[in-house]
Visitor: 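Following this message is one structure expressed as structure tokens.
Reminder, nothing fancy here: chain letters follow the sequence lines and each chain counts from 1. Scope of the values below: all heavy atoms of this structure, side chains included, with no hydrogens, waters or symmetry mates.
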Amino acid sequence: MITDEISRLIEEAARRAVADGVIPAPPRSPVHLERPRRREHGDLATNVALTMAGGGNPRAIAEALVERLPPSELVQSVTVAGPGFINVKLSPVWLHDVVRRAATPDAGFGRSAAGRGQRVNVEYVSANPTGPINVVSGRHAAVGDALAALLEATGHEVTREFYVNDGGRQAELYGASVEARYLQLHGVDAEVPEDGYHGDYVMEVARWVAERVGDRYVNTPPQERREAIRDLALELTLQWMRASLERFGTHHDVWRSERALHADGLVDKALARLAEAGLTAERDGALWFLSSRLGDDKDRVLVRRDGRPTYLASDVAYLVDKFGRGFDRLVYVLGADHHGTVPRLEAAAAALGHEGRLEVELLQVVTLKRGAETLKGSKRAGVVVELDDLVEEVGADAARYMFLTRSADAPLEFDIELAKEQAPENPVYYVQYAHARICSILRRAADDGVPPPRVASAPLERLTDPSEDALMRRLASYEEVVAAAARQRAPHRLTRFVEELAGDFSAFYRDCRVISEDPGLTEARLTLCVATRATIADCLGLLGVSAPERM
RNA sequence: GCGCCCGUAGCUCAGCUGGAUAGAGCGUCGGACUUCUAAUCCGAGGGUCGGGGGUUCGAGUCCCUCCGGGCGCGCCA
């Protein structure tokens with residue numbers, strides 16, 4: 001990446017300056033570069049001289065560095081500005097090379113190797129299998145997919161994982177709720193538990209169960225009936241969830257069941273590992289995890305007084321499972337309402353000898369607006385907006401894109417009515433339109449018998465219009481944007497980038513006619529079109545949004 | 001009460017380890033279709049970055065404090 005190369009040049013200059021006794025010590029490596037807001041400040045700028053100044057004169061240091069900068073064909077000019085910024089203007093040769101790479105399929109444009117050799121598990125959605133996937137999970141799916149894609153784009157080997165909470169109290173309550181509806185269907189007086197599931201879909205599940213098993217369980221012992229119906233209910237619900245996620249474009253590689261963790265003996269193994277580490281204690285008849293010794297604010301129960309393990313016990317077992325599968329890093333995408341559980345998860349990872357290898361990305365709530373009405377997704381309350389409904393109303397592309405426009409820290413306000421109208425305020429259409437428009441130009445060129453551009457040799461030096469320059473420079477920033485978005489776990493950077501790219505393309509389209517009587521200029525502009533199309537498509541691909549060729 | 005997150009244009013939000021004159025979209029107002037897609041484009045207006053103090057050559061960004069909002073603080077998940 002260009003920033004890395006310029007950093008190295010400046011570091012070399014600093015080494016020389018140290019050798020010459022001009023500065024006492026080199027700056028922190030790598031030297032940080034940023035893209036100045038203002039065009040006249042060059043392509044890249046660094047404030048190293050200011051950070052190194054101490055009591056000294058930052059401008060003098062900057063000048064000393066610039067004087068010692070090794071020559072490079074990437075750099076056109078370097079200046080010292082303001083209080084001591086070093087501004088770098090990159091050479092056209094470099095810029096044209098970027099455009100050619102962007103226009104070349106399989107050139108790896110936008111890919112980097114920061115994560116090479118790293119195996120990462122990204123767990124996301126992991127909604128309780130007690131009802132249809134709702135809109136909140138939709139945000140998790142969109143963000144999880146994008147994070148996974150970003151990690152892959154930066155060289156990580158990624159496994160996408162879904163944790164099925166089929167072993168806890170909620171699964172039991174759900175089973176009991178379906179059981180009650182099942183009995184009602186057969187004329188038996190039964191009631192859905194007060195704290196059970198009251199949504200209409202529960203009856204639908206019960207009907208499906210009844211179709212499968214008839215009245216076989218009406219007169220069986222309650223224990224047997226409940227377990228059988230619970231298992232069937234979970235089976236159908238998981239099918240629904242899987243189907244909804246697939247429709248949304250989300251595919252998990254691994255669906256791991258909580259009950260399977262127990263069955264595989266991993267819970268016992270986890271408890272043993274914690275005990276070996278001297279981090280468990282019996283107190284009041286329960287078994288505790290002494291997590292407060294590892295940064296949690298209090299200890300936590302692992303096994304209740306009645307002998308049933310807690311949810312945390314499963315969580316620890318799952319950590320044993322995941323680390324046992326060889327992951328270097330575990331990423332959890334969780335709702336912000338789970339932030340209280342983060343310290344205990346981190347404590348558990350540390351207790352298992354994997355301190356610092358677990359990372360939690362917290363997503364703030366989704367607030368749904370349907371017209372004037374504001375509602376929140378809650379499965380238990382029965383007021384739910386299902387992901388399927390949203391996808392049907394606004395489309396998977398628009399829904400995904402909306403979910404990815406905000407940082408994780410920001411609550412997301414999703415106005416269904418507005419999105420449903422497919423009004424132009426939805427930026428996904430803007431971006432997709434730019435892509436379709438480029439495709440249209442390329443089709444037109446082919447129809448007119450214009451030869452396809454020879455990307456490697458097209459005379460890009462002919463691209464001198466300011467909007468051509470701006471578009472090329474935007475393309476050139478893509479690799480840094482992807483790397484930064486991955487590093488910061490911030491997919492919303494991609495939506496911002498691609499909107500800006502689409503905007504730059506529109507300006508180019510406005511100012512420059514692509515297909516003209518000038519074969520060289522036409523070839524250069526077609527190359528720029530190809531590069532832009534490929535980059536929009538690649539970026540949308542990372543976001544899980546389609547790039548249509550016609551609209 | 002304690003902990004985490006948030007407070008930036010009328011609205012929804014960006015602002016990368018502190019950098020140079022705080023941005024985008026929408027909305028509002030005014031313009032542009034004999035031209036490769038007008039699902040578009042151009043222009044205008046709009047801000048004490050919640051308040052106050054501090055650190056720094058430099059603060060929307062870091063620290064303290066106050067105000068306002070969200071979430072969490074179970075042998076629930």
Visitor: Considering only heavy atoms and no angle criterion, is a donor-acceptor pair shorter than 3.5 Å present between the side chain of A:Asp409 and the base of B:A14?
Guide: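 In this structure, the two groups form no donor-acceptor pair.
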Visitor: For B:A39, does either OP1 or OP2 sit under 4.0 Å from a side-chain N or O belonging to A:Tyr429?
Guide: no
Visitor: Between atom CG in A:Asp337 and atom P in B:C5, what is the gap in whole Å?
Guide: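 That distance rounds to 16 Å.
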Visitor: Among B:A77, B:U40, B:U37, which nucleotide has an atom closest to any side-chain atom of A:Tyr430?
Guide: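 Taking heavy atoms from C-beta onward, the closest nucleotide is B:U40.
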Visitor: When you measure only distances, ignoring hydrogens and angles, does the side chain of A:Arg550 come within 3.5 Å of the base of B:U37 through a donor and an acceptor?
Guide: no
Visitor: Does the side chain of A:His339 get closer than 4.0 angstrom to OP1 or OP2 of B:C73 through an N or O atom?
Guide: no
Visitor: Taking pairing as Watson-Crick or G-U wobble with both contacts under 3.5 Å, can you name the mate of B:G43, or confirm there isn't one?
Guide: B:C29
Visitor: Are the side chains of A:Ser314 and A:Pro309 in touch, meaning some heavy atoms are under 4.5 Å apart?
Guide: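 Of all side-chain heavy-atom pairs linking A:Pro309 with A:Ser314, none is under 4.5 Å.
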Visitor: Report which part of the nucleic acid A:Ala410 touches: base, sugar-phosphate, or nothing (heavy-atom distance under 4.0 Å, all strands).
Guide: sugar-phosphate
Visitor: For A:Phe85 and B:A20, is the gap between ring centres under 5.5 Å while the planes differ by less than 30°?
Guide: yes
Visitor: Quick check for you: among B:U37, B:G19, B:C75, whose closest atom lies nearest to any side-chain atom of A:Leu50?
Guide: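 That would be B:G19.
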Visitor: Would a distance-only check, ignoring hydrogens and angles, find a side-chain to backbone donor-acceptor pair under 3.5 Å from A:Arg525 to A:Arg513?
Guide: yes
Visitor: B:U21, B:U35, B:C16: which one has an atom nearest the side-chain heavy atoms of A:Glu40?
Guide: B:U21
Visitor: Of all heavy-atom pairs between A:Pro83 and A:Arg59, which one has the smallest distance, and what is that distance?
Guide: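 Closest approach of A:Pro83 to A:Arg59, heavy atoms only: O-CG, 3.5 Å.
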Visitor: Could you check whether A:Arg169 gets within reach of a base, just the sugar-phosphate, or nothing at all, counting any heavy atom under 4.0 Å?
Guide: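 It contacts sugar-phosphate atoms only.
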Visitor: Mapping A:Arg406 and A:Glu499 to their closest nucleotides on RNA chain B, which lands nearer the 5' end?
Guide: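 In this pair, the answer is A:Arg406.
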Visitor: Just name whichever nucleotide pairs with B:G7, Watson-Crick or G-U, keeping both distances under 3.5 Å, else none.
Guide: B:C67
Visitor: Take atom CZ of A:Arg496 and atom P of B:C13, then tell me their distance rounded to the nearest Å.
Guide: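 In whole Å, B:C13 P lies 12 Å from A:Arg496 CZ.
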Visitor: Would you call A:His338 stacked on B:A77, i.e. ring centres under 5.5 Å apart with the planes less than 30° off parallel?
Guide: yes
Visitor: From CG of A:Asn47 over to C1' of B:G19, roughly how many Å is that when rounded to an integer?
Guide: 6 Å
Visitor: Taking CZ from A:Phe289 and C1' from B:G74, how many angstroms apart are they, rounded to a whole number?
Guide: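 Whole-Å distance recorded here is 18 Å.
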Visitor: Any chance you could lay out the side-chain contact (heavy atoms from CB on, under 4.5 Å) test for A:Val482 and A:Ser112, step after step, and finish with the verdict?
Guide: CA-CA 9 Å; A:Val482 173; A:Ser112 55; 5.8 Å; no
Visitor: Heavy atoms from C-beta onward define the side chain here; which of B:G74, B:U37, B:C41 lies closest to that of A:Ser506?
Guide: B:C41
Visitor: Starting at CG of A:Leu404 and ending at P of B:A24, how long is that distance when rounded to a whole Å?
Guide: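 Result: 22 Å.
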